[in-house]
S.K.: 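One structure, pasted below without further comment.
Counting starts at 1 for both ligands and their atoms, in listed order.
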Amino acid sequence: MISVDDALDALIALVEPLGTEEIPLIDAANRVLASDAVARRDQPPFAASAMDGYAVNGAEADQHAQFKVVGESAAGERFAGQIKAGQAVRIFTGAPVPEGATHVVIQEEIERRGDLITITEAQNVPGNIRPAGNDFREGARIAAPRLLRPEDVALLASMNIARVTVYRRPVVALISTGDELVMPGETPGPDQIIASNTFGLHALLRDLGAVPRLLPIARDTRESLEMTFKLARGADLIITIGGASVGDHDLVAPVAASLGMEQAFYKVAMRPGKPLMAGRMGESLMLGLPGNPVSAMVCGHVFMAPMIRAMQGLPADAAPQRTARLAADLPANGPRQHYQRARVENGEITVFDRQDSSLLTILAEANALTITPPNAPAMKAGETISYLPL
Ligand SMILES: Nc1nc2c(c(=O)[nH]1)N[C@H]1C(S)=C(S)[C@@H](COP(=O)(O)OP(=O)(O)OC[C@H]3O[C@@H](n4cnc5c(N)ncnc54)[C@H](O)[C@@H]3O)O[C@H]1N2
Ligand code: MOO
């Protein structure tokens, strides 16, 4: 058995970032930028009014000063002339500030009669003007790699970047194994259960930006598993669920080996998730997850997620950890790193009593997995513990 950290290192060593593709900006959210994006213009491209009001020369903008309104500057259509002494231009938010104007008086602070306005309040001069290039200048960069959030997409649009180069999304084949499994919605036989972690992992993969492909459930025979592995060809990553342990029907390791899988490791000192395996299989990477539903999901967060991020060119970091205060004492740990379902609220974390790796109700109630290193001593309520947010 190897440690969680060594297993992660071995996994990341297998991964190379996938190729890149150019896509329309409208599809860019949740993708990873592969080449720096460079602004094609200044924003704003002109000094712009920040308010609805009147553009004047700030040197003249005393309380009670009077101006003649000589024109209008609207967003999208500027006032073509220049403001002279004693003149003002009606202006709207986002409109170009006319030449000669250095200040915008908001319309709540003037009185208007016909073409004449009078400033009614003392002014903070200059004000209410956004200088050209205030947000960014032409040539400003968004550095790759970067996972593009909706906020980044807005900025890219503003930079007039209509297409972006991003890493390809990993295609992931998901194989459930076991004679006992049927799909949700089917009618299980008396000894059957519903394939569940398959769906949890599918959802997690989507969240991570991968393209999951759900393959038919492989039965507990060599032939069925071989056939399903063949269907998985072409995937960047093949994930099996179940059949990873030592029972007579646990065929994933021998069948994968017979199909040429070069194993990087098998069995990790963690709980749940011990019978994890990984390696390379032809053009694909392979990750064999344990079948117990919680084990599979925990391995999904701890191992699959960093792999998918690294395939998309992001730094190959472990899932980010946080800390919280324990709500109750925690017993000493055994030889495997323990990931326990827990609920964190207002900085305090409660570890659930029931931790059997088949209990999806407890997983669904949890919003965190506490991490206890191998052979860690008992901890007292109030001590700080690390956790993975779910
Ligand atoms: N003698 C030993 N027995 C077991 C050991 C061991 O070291 N020695 N390890 C245990 C641990 S830890 C785990 S975890 C499980 C993992 O076993 P497998 O990966 O071989 O998984 P299966 O036996 O196929 O299934 C385990 C359990 O999970 C259910 N399952 C499987 N796939 C799904 C799915 N897609 N959706 C929902 N549930 C699924 C399956 O029906 C079993 O109940 O082995 C222990 N045994
Ligand atoms: O350690 Mo196994 O992965 O649940 O229950």
S.K.: Heavy atoms only: which of Ile175, Leu251, Ile193 lies closest to atom 38 (N) of ligand 1?
M.R.: Ile193
S.K.: Considering heavy atoms of the protein only, find what lies nearest to atom 35 (N) of ligand 1 and give residue, atom and distance to 0.1 Å.
M.R.: Asn197 OD1, 2.7 Å
S.K.: For the residue pair Asn333 and Thr372, confirm or rule out a side-chain donor-acceptor distance under 3.5 Å.
M.R.: no
S.K.: Heavy-atom distance under 4.5 Å between the side chains of Val255 and Met261, does that happen here?
M.R.: no
S.K.: Considering Cys299, Ala195, Gly291 one by one, which has a heavy atom nearer to atom 28 (O) of ligand 1 than any of the others?
M.R.: Gly291
S.K.: Under 4.0 Å from a heavy atom of Ser295: give me the atoms of ligand 2 that qualify, with their elements.
M.R.: 2 (Mo), 3 (O), 4 (O), 5 (O)
S.K.: Measure from atom 42 (C) of ligand 1 to every heavy atom in Lys267, Met183, Glu180 and give the option owning the shortest one.
M.R.: Glu180
S.K.: Hey, does Ile217 sit under 4.0 Å from ligand 1 if you only count heavy atoms?
M.R.: no
S.K.: Please work out which of Ser245, Ala244, Pro184 has its closest non-hydrogen atom nearest to atom 44 (O) of ligand 1.
M.R.: Ser245
S.K.: Look at atom 43 (O) of ligand 1 and say which protein heavy atom is nearest, naming residue and atom and giving the distance to 0.1 Å.
M.R.: Asn292 OD1, 4.4 Å
S.K.: Among all protein heavy atoms in this structure, tell me which lies nearest to atom 37 (C) of ligand 1, with the distance rounded to 0.1 Å.
M.R.: Ser196 OG, 3.2 Å
S.K.: Looking only at protein heavy atoms, which one is nearest to atom 1 (N) of ligand 1, and how far off is it?
M.R.: Val246 CG2, 3.6 Å
S.K.: Against heavy atoms of Ser357, which atoms of ligand 2 measure under 4.0 Å?
M.R.: 4 (O), 5 (O)
S.K.: Mark up the atoms of ligand 2 that fall under 4.0 Å of a heavy atom belonging to Asn292, in ascending order.
M.R.: 4 (O), 5 (O)
S.K.: Check step by step if side-chain hydrogen bond (donor to acceptor under 3.5 Å, both in side chains) holds for Asp5 and Ser3.
M.R.: CA-CA 5 Å; Asp5 287 347; Ser3 71; 5.5 Å; no
S.K.: Does any part of the side chain of Asn30, heavy atoms only, come nearer than 4.5 Å to the side chain of Leu147, both counted from C-beta?
M.R.: yes
S.K.: Which residue and atom name correspond to the protein heavy atom nearest atom 7 (O) of ligand 1, and how close is it?
M.R.: Lys274 NZ, 2.7 Å
S.K.: How far is atom 23 (O) of ligand 1 from its nearest protein heavy atom, and which residue and atom name does that atom have?
M.R.: Asp250 OD1, 3.8 Å
S.K.: Which residue owns the protein heavy atom closest to atom 22 (P) of ligand 1, what's the atom, and how far is it?
M.R.: Gly243 N, 3.7 Å
S.K.: Considering non-hydrogen atoms of the protein only, which is the closest contact for atom 3 (O) of ligand 2, and what is the distance?
M.R.: Gly273 N, 2.3 Å
S.K.: Going by the salt bridge (charged side-chain N to carboxylate O under 4.0 Å, His left out) test, name the single residue among Arg31, Arg169, Arg168 that passes it with Glu21.
M.R.: Arg31
S.K.: For ligand 2, which atoms, with element, lie under 4.0 Å from some heavy atom of Arg336?
M.R.: 1 (O)
S.K.: Identify the protein heavy atom lying closest to atom 16 (C) of ligand 1, giving its residue, its atom name and the separation to 0.1 Å.
M.R.: Pro275 CG, 3.8 Å
S.K.: Could you please spell out the steps behind the side-chain hydrogen bond (donor to acceptor under 3.5 Å, both in side chains) verdict for Thr93 and Asp52?
M.R.: CA-CA 5 Å; Thr93 306; Asp52 298 319; 3.0 Å; yes
